[in-house]
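Since the structure comes first, as structure tokens, the remarks are kept for the end.
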Amino acid sequence: MLHVLNHPLITHKLTIMRDKNTGTKDFRELLYEISMLMAYEITRDLPLEDVEIETPLCKMTGQIISGKKLAVVPILRAGLGMADGFLKIAPAAKVGHIGLYRDHETAKPVLYYYKMPEDISERLVVVTDPMLATGGSASDAVSMLKQNGCKQIKLMCLVGAPEGIAVMNEQHPDVDIYIAAVDSHLNERKYIVPGLGDAGDRIFGTL
Ligand code: PRP
Ligand code: URA
């Protein structure tokens, strides 16, 4: 299922990120802030369990998150910028890394790194990547996690193209996508239009 998180705070911050005059420091901070807001929504259906506590006034039955183990898996490099915000909200989550870059000629993802926590198959996995363009990177990342035994996977993105969303829906219909905006289309170089440019370069200042 596609969840478009068009909250005014997210939309406002994303518009500043899209502006080509926004520099690396602000871009990274805004991505961090948006990721925290998105984490709030992504974790909305975490199960709760009852716990007996005592307030300064009396005993009561409260609720805490019931042992559901989380993992955040950024797709390198740009996904790192979203994982930090997610970890601020869910600091006990473990972190896996998938290194993928898009070949400049073919726009197909090339794997260069893969490292997961040992118990990844028992965790609710949140894959982070700001850009969902052709969908190749996200789809390959999810396929690898499924091969690793992961059963519950969510995808957290910032901006997507209809093409990438269609690929994910076709290849991984079980994976919920959380996204701040769905843009118009891909250009001839497979960049999202209007988009925000190359997310990795803008986060790390490698333009
Ligand atoms: C970008 C982005 C995604 C991918 C999206 O990464 O962060 O991983 O492209 O494109 P797709 O949906 O067509 O696969 P990039 O290859 O530029 O690597 P980087 O994050 O290291 O800059
Ligand atoms: N990767 C990016 O960083 N931006 C795009 O628009 C497409 C892929």
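No experiment lies behind these values; they were computed from the predicted model shown. Counting convention: from 1, in listed order, for ligands and their atoms alike.
Salt bridge Glu54/Lys59: absent, no basic N to carboxylate O contact under 4.0 Å. The residues Asp119 and Arg123 are annotated as salt-bridged, a charged nitrogen and a carboxylate oxygen being separated by less than 4.0 angstrom. Asp201 and Arg77 are joined by a salt bridge, as a carboxylate oxygen and a charged side-chain nitrogen come within less than 4.0 angstrom of each other. Salt-bridge annotation for Arg189 and Asp198: absent, with no side-chain N of the basic residue lying under 4.0 Å from a carboxylate O of the acidic one. For Glu122 and Lys69, the salt-bridge test passes: some basic side-chain N is under 4.0 Å from an acidic carboxylate O.
Of the N or O atoms in Arg102, one or more lie within a sub-3.5 Å distance of an N or O in ligand 1. Below 3.5 Å of separation, one finds no N or O of Asp201 facing any N or O of ligand 1. The shortest N or O to N or O distance between Ala78 and ligand 1 is below 3.5 Å. At least one N/O-N/O distance between Ala133 and ligand 1 falls below 3.5 Å. In terms of polar-atom proximity, Gly200 is not counted as a contact of ligand 2, lacking any N or O under 3.5 Å from an N or O of the ligand.
For atom 6 (O) of ligand 2, the nearest non-hydrogen atom of the protein is Ile192 N, 2.8 Å. In this structure, atom 14 (O) of ligand 1 lies nearest to the protein heavy atom Ser137 OG, 2.6 Å. Atom 22 (O) of ligand 1 has Arg77 NH2, 2.9 Å as its closest protein atom, hydrogens excluded (heavy atom only). Looking only at heavy atoms of the protein, atom 3 (O) of ligand 2 is closest to Ala199 N, 2.8 Å. The shortest contact between atom 18 (O) of ligand 1 and any protein heavy atom is with Leu100 O, 4.0 Å. The protein non-hydrogen atom at the shortest distance from atom 17 (O) of ligand 1 is Asp198 OD2, 3.9 Å. Atom 2 (C) of ligand 1 has its closest protein heavy atom at Asp129 OD1, 3.4 Å. Of the protein's non-hydrogen atoms, Tyr191 CD2, 3.4 Å is the one closest to atom 5 (C) of ligand 2.
Contacts between Thr134 and ligand 1 below 4.0 angstrom, taking non-hydrogen atoms only, involve backbone and side chain alike. With a heavy-atom cut-off of 4.0 Å, Ala199 does not touch ligand 1 at all. Residue-level proximity to ligand 2 for Lys190 is carried by the backbone, the only part with a heavy atom below 4.0 angstrom. Residue contacts with ligand 2, taken as heavy atom pairs separated by less than 4.0 Å, involve Ala133 solely via side-chain atoms from C-beta onward.
No side-chain heavy atom of Leu14 sits under 4.5 Å from any side-chain heavy atom of Leu30.
Each of the following atoms of ligand 2 lies closer than 4.0 Å to a heavy atom of Arg102: 7 (C), 8 (C). Set against the non-hydrogen atoms of Tyr101, the atoms of ligand 1 under 4.0 Å away are 16 (O). Every atom of ligand 2 with a heavy atom of Gly197 under 4.0 Å away is listed here by number and element: 2 (C), 3 (O), 4 (N), 5 (C), 6 (O). In summary, the atoms of ligand 1 found under 4.0 Å from a heavy atom of Met131, numbered by their order in the structure, are 2 (C), 3 (C), 5 (C).
Here the shortest heavy-atom pairing between Gly81 and Ser35 reads O-OG, 3.9 Å. Ile42 and Lys154 get closest at one heavy-atom pair: O-NZ, 3.1 Å. When all heavy atoms of Ala133 and Ala161 are compared, the pair lying nearest together is O-CB, 3.8 Å.
For NZ of Lys146, the number of neighbouring non-hydrogen atoms (other residues, nucleotides, ligands) closer than 6.0 Å is greater than 12.
Distance check for atom 8 (O) of ligand 1: a protein heavy atom is found below 4.0 Å. There is a protein heavy atom less than 4.0 angstrom from atom 4 (C) of ligand 1.
For the pair His97 (side chain) and Leu76 (backbone), a donor-acceptor distance under 3.5 Å is absent.
In this model, a donor atom of one side chain and an acceptor atom of the other lie less than 3.5 Å apart for Ser139 and Gln171.
Residue-ligand proximity: Gly135 is placed with a non-hydrogen atom under 4.0 Å from ligand 1.
Relative ring orientation between Tyr112 and Tyr101 is described as tilted, the plane-to-plane angle lying within the 30° to 60° band.
In this structure, Arg102 forms a cation-pi arrangement with Tyr191, its terminal cationic atom sitting closer than 6.0 Å to the ring centre and no more than 45° off the ring axis.
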